[in-house]
Asks: 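The structure that follows is given in the form of structure tokens.
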Amino acid sequence: MQVVNSKQTKVFITRHLPTQLTELEQVAIVEVWEENQPPPAQILLEKAETVNGILCFLTDPIDQTVIESAKNLQVISQMAVGYDNIDVAAATAQRIPVGHTPGILTDTTADFTWALLMAAARQLIPSDRFTREGLWKTWEPDLFLGATITGATLGIIGFGRIGKAIARRAQGFDMRVLYTSNHRCDVHLENALGIEFSTLERLLEEADFVTIHTPLSQDTYHLFSARQFKIMKPTAILINTARGQIVDPDALYHALSEGQIASAALDVTEPEPIPMNSPLLTLNNLIISPHIGSASRQTREKMANMAIANLIAGLKGETLPYCVNPEVYL
Ligand code: DGY
């Protein structure tokens, strides 16, 4: 273990953290970017050049230029499970470990996904708006008819931690669950969860609800484009709490406005934030929330603490508890 000199060790935290920094301040001089917006690229570059550790968020592009200019950098710690904003290959080439925060946000994100699924299925947001606008005059037999959730077919795309947590929730709603993933899970788990492995094509053809839980990669960029929407049922509902770039926004707009699918609920968009002139914002059959899937008070505090634990380990030259590029230790 390396002894850290807190007078010389510097870290930059790119936003206010929802936890105490006391432990970190014992090992480093801590600078926090306190603005509401993320640090501009130039600031990020300047800070990276001088610090030993960076604690960042998915809004910070930690690209090859930043990494290669960071001569003293010993660790990059991301407060998120996804890390597509970080050039991990460039970090690995410089033998810089990259930390992230898996596991602790699984249930919170799955809960929120379920909230979006239910809200989209039962027209929760438009019906609230309707009520506030004074349009509720009487009970009507066909007012805000939605889709039945119990017993419907759910398609899960990506079957990591969050995909599995979604399958567990679906059991409580007696749903038929199809899943697609790079790796088929073992038959015991399939039986225990009552789920069926499927091709993407079949899942899209058969599912009443389709929910995305795959990381963003070259393979999943615009995985949902015009072709996929054409395969889906006209009654289908799409939920995305993973990464915005997995769904082509123009194709989604056409699918929703032309009735190729019934509705969608997005917690993530391409780009983020969604531009206010996006045609998607004109649609009533779309719910959009501002990337808050993991945003419960308790979970965000745990994520911050895990990111700090990764950061401190990196500063001390110890193996990060949650490292995305463990090959740096080989
Ligand atoms: C993540 O962790 O990757 C989410 O998108 C933010 O919590």
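Each ligand, and each atom within it, is numbered from 1 in the order the structure gives.
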Asks: Among all protein heavy atoms, pick out the one at the shortest distance from atom 2 (O) of ligand 1; state its residue, atom name and that distance to 0.1 Å.
Replies: Val81 N, 2.7 Å

Asks: Parallel, tilted or perpendicular: which one describes the rings of Phe224 and Phe229, with boundaries at 30° and 60°?
Replies: tilted

Asks: Can you name the atoms of ligand 1, numbered from 1 with element, that are less than 4.0 Å from a heavy atom of Gly82?
Replies: 1 (C), 2 (O), 3 (O)

Asks: How does Thr109 reach ligand 1, if at all, at less than 4.0 Å between non-hydrogen atoms: by side chain, backbone, both, or neither?
Replies: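 None of Thr109 does.
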
Asks: If you count the atoms of ligand 1 from 1 in the order shown, which ones are under 4.0 Å from a heavy atom of Leu58?
Replies: 5 (O), 6 (C)

Asks: Let's go through Phe57 and Trp33 carefully: what are the C-alpha distance in whole Å and the side-chain angles of both, what is the deciding distance for ring-ring contact (aromatic ring centres under 6.0 Å, His included) to 0.1 Å, and is it a yes or a no?
Replies: CA-CA 12 Å; Phe57 302 86; Trp33 183 257; over 10 Å; no

Asks: Testing the basics here: between Gln78 and Asn85, what is the closest heavy-atom pair and its distance to 0.1 Å?
Replies: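 So the two residues come closest at NE2-OD1, 2.8 Å.
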
Asks: Could you list the atoms of ligand 1 found under 4.0 angstrom from a heavy atom of His291?
Replies: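 Every atom of ligand 1 under 4.0 Å from some heavy atom of His291: 4 (C), 5 (O), 6 (C).
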
Asks: Count the heavy atoms of every other residue, nucleotide or ligand shown that sit under 6.0 Å from CD of Glu34, and state whether that count exceeds 12.
Replies: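 Result for CD/Glu34: enclosed.
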
Asks: Over 60° means perpendicular and under 30° means parallel, so classify the ring planes of His100 and Tyr83, tilted if in between.
Replies: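 Tyr83 and His100: perpendicular rings.
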
Asks: List every atom of ligand 1 that sits less than 4.0 Å from any heavy atom of Ser294, numbering the atoms from 1 in the order shown and giving each element.
Replies: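 Taking each heavy atom of Ser294 in turn, ligand 1 has 6 (C), 7 (O) under 4.0 Å.
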
Asks: Is Arg129 salt-bridged to Glu133, going by a charged N under 4.0 Å from an acidic O?
Replies: no

Asks: What atoms in ligand 1 come closer than 4.0 Å to a heavy atom of Arg243?
Replies: 1 (C), 3 (O), 4 (C), 5 (O)

Asks: Heavy-atom contacts with Met303 under 4.0 Å: which atoms of ligand 1 show up? List them by number with element.
Replies: 7 (O)

